[in-house]
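Numbering of ligands and ligand atoms starts at 1, following listing order. Numbers here are sequence positions counted from 1. This is a predicted model, so every value here is computed, not measured.
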Amino acid sequence: MARKAFTFLILICCATVCPVYLLENGMALTPIMGWLHWERFTCNIDCYNDPDNCVSEKLFMQIADIMVTDGWKDAGYEYVCIDDCWLAFTRDKEGRLQADPDRFPGGIKKLADYVHSKGLKLGIYQDVGNRTCAGYPGSYGHYDIDAQTFAEWEVDLLKFDGCNFINLDILVEGYKNMSKALIKTGRNITFSCEWPLYLWPFHTPNYTDIREHCNQWRNSGDVFDSWQSVTGIIDWTVNHQHVIVPFAGPGAWNDPDMLVIGNFGLSPDQQVSQMIIWAMMAAPLLMSNDLRYIDPKAKALLQNKNIIAINQDPLGKQGYRIASVNNFDVWERPLSGDRYAFAVTNRYDLGGPRHFPLFMATIPGWRRCFPTCLIVTIFPNFVELGEHSFLSQYKFTINPTGTVLFIVSIPPKTKLLNNLNKPAGLKLNRTWKNLNTIQRKENYF
Ligand code: GLA
């Protein structure tokens with residue numbers, strides 16, 4: 001029954017918005033939310049000297065506990081994900097993968113049971129090639145048996161890396177074969193790929209294929225705990241948005257990598273910017289931080305219901321940067337219910353807070369607001385600003401590297417008027433310097 005309903009949903013979706021086929025496993029209908037160990041704990045296998053921070057079952061069990069007790073699960077964070085360095089250096093006698101026996105003495109099945117007992121899901125990591133990026137046994141030549149093993153362990157997500165591949169054709173075939181092998185197990189396992197990341201240096205990846213085989217996919221390099229790294233990923237995404245945005249939708253997401261909020265490298269404003277822009281990009285929200293010791297401000301930001309609601313919007317359209325003016329980046333994301341989220345980042349990191357004058361007439365989607373729209377600011381504060389006429393103005397103050405977020409909704413009467421009489425003559429978007437970007441956007445999305 002659930003399968004039928006899902007197929008119906010997919011058919012409706014494909015008839016309206018989906019450009020291509022989709023991996024039909026019913027997973028990730030909104031971007032997944034959870035925790036992934038890599039950025040914060042990397043390949044720390046030294047449990048002798050650093051027992052509290054090494055990659056071990058103890059760490060994942062503690063994180064699962066805290067996800068329940070500290071409100072993360074209630075906020076929507078569901079997956080507890082293991083990254084590289086969980087494996088033993090050899091397969092067992094039957095050729096099956098095995099976890100490092102010292103660091104995971106109970107084995108992965110027992111850890112999955114524990115995570116499930118908390119109402120959460122367990123993610124695991126493998127690689128399409130001969131070895132993982134950190135040098136552990138890869139899945140090449142073992143796709144079926146590895147998929148079967150993960151299903152028997154009752155794993156819920158597989159992050160499939162692309163290091164040490166033999167050649168590009170084998171890499172692509174490997175991702176497709178693992179996707180099919182996972183489906184064959186009969187268990188619903190979210191499939192998180194890095195396929196396009198490894199192809200971009202050679203050619204534009206075939207996103208039709210990728211979307212058909214993966215629930216989410218990494219396009220750009222690994223996130224590090226710094227503003228330079230976060231803005232590098234944001235800028236990569238903007239530069240390729242005309243290629244990648246149309247492929248995102250329920251069950252299939254572009255993955256700009258982990259949230260590093262709550263660590264060491266981002267200022268409070270930069271943490272806000274990562275959270276908001278990840279919500280605008282309909283990105284998986286996988287935190288990589290230490291939930292056992294997290295600053296209350298970072299915690300409140302990561303659990304901000306209104307930002308999460310934008311990330312999880314059921315329409316599932318990825319947002320895009322619509323303009324870059326005077327060192328302000330302006331993002332737009334279409335939301336369900338005739339609403340649009342807008343975010344403005346102050347990309348100028350010299351001096352103090354700057355004013356961003358918001359004239360209704362210069363909102364990129366202004367045509368949809370004629371004669372009025374409802375505006376609600378979501379961040380820094382949730383404030384209902386009420387109905388604003390096409391000619392209203394409002395001033396935001398944005399800290400250097402910070403971001404503000406607001407939602408514009410189109411009241412029914414405006415929608416009606418829009419439909420009756422499209423104000424084609426009122427071309428006020430001249431105020432935006434890069435008109436090209438706006439026109440490109442209107443063509444593509
Ligand atoms: C690659 C991936 C990272 C992480 C490491 C682990 O670099 O892109 O996200 O999984 O491998 O070795």
Exercise. Yes or no on salt bridge (charged side-chain N to carboxylate O under 4.0 Å, His left out) for Asp161 and Arg218, after CA distance, side-chain angles and deciding distance?
Worked result: CA-CA 9 Å; Asp161 212 333; Arg218 283 270 307 281; over 6 Å; no
Can you give each donor-acceptor pair under 3.5 Å made by side-chain atoms of residues 75-83, sequence neighbours left out, with the distance rounded to 0.1 Å?
residue	atom	partner	partner atom	Å
Tyr77	OH	Leu302	O	2.6
Glu78	OE2	Lys121	NZ	3.1
Tyr79	OH	Thr190	OG1	3.0
Asp83	OD2	Lys159	NZ	2.6

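Ring centers of Tyr320 and His242: at least 6.0 Å apart, outside the cut-off.
In terms of heavy-atom proximity, Asp84 sits nearest to Ala134 at OD2-N, 2.8 Å.
In this view, Lys184 and Asp144 satisfy the salt bridge (Lys or Arg N to Asp or Glu O under 4.0 Å) rule, not counting sequence neighbours.
Residues in residues 118-141 take part in these ring-ring contact (aromatic ring centres under 6.0 Å, His included) pairs, two or more places apart or across chains: Phe89-Tyr136.
At a heavy-atom cutoff of 4.0 Å, ligand 1 is surrounded by Trp38, Asp83, Asp84, Tyr125, Cys133, Ala134, Lys159, Asp161, Glu194, Arg218, Asp222.
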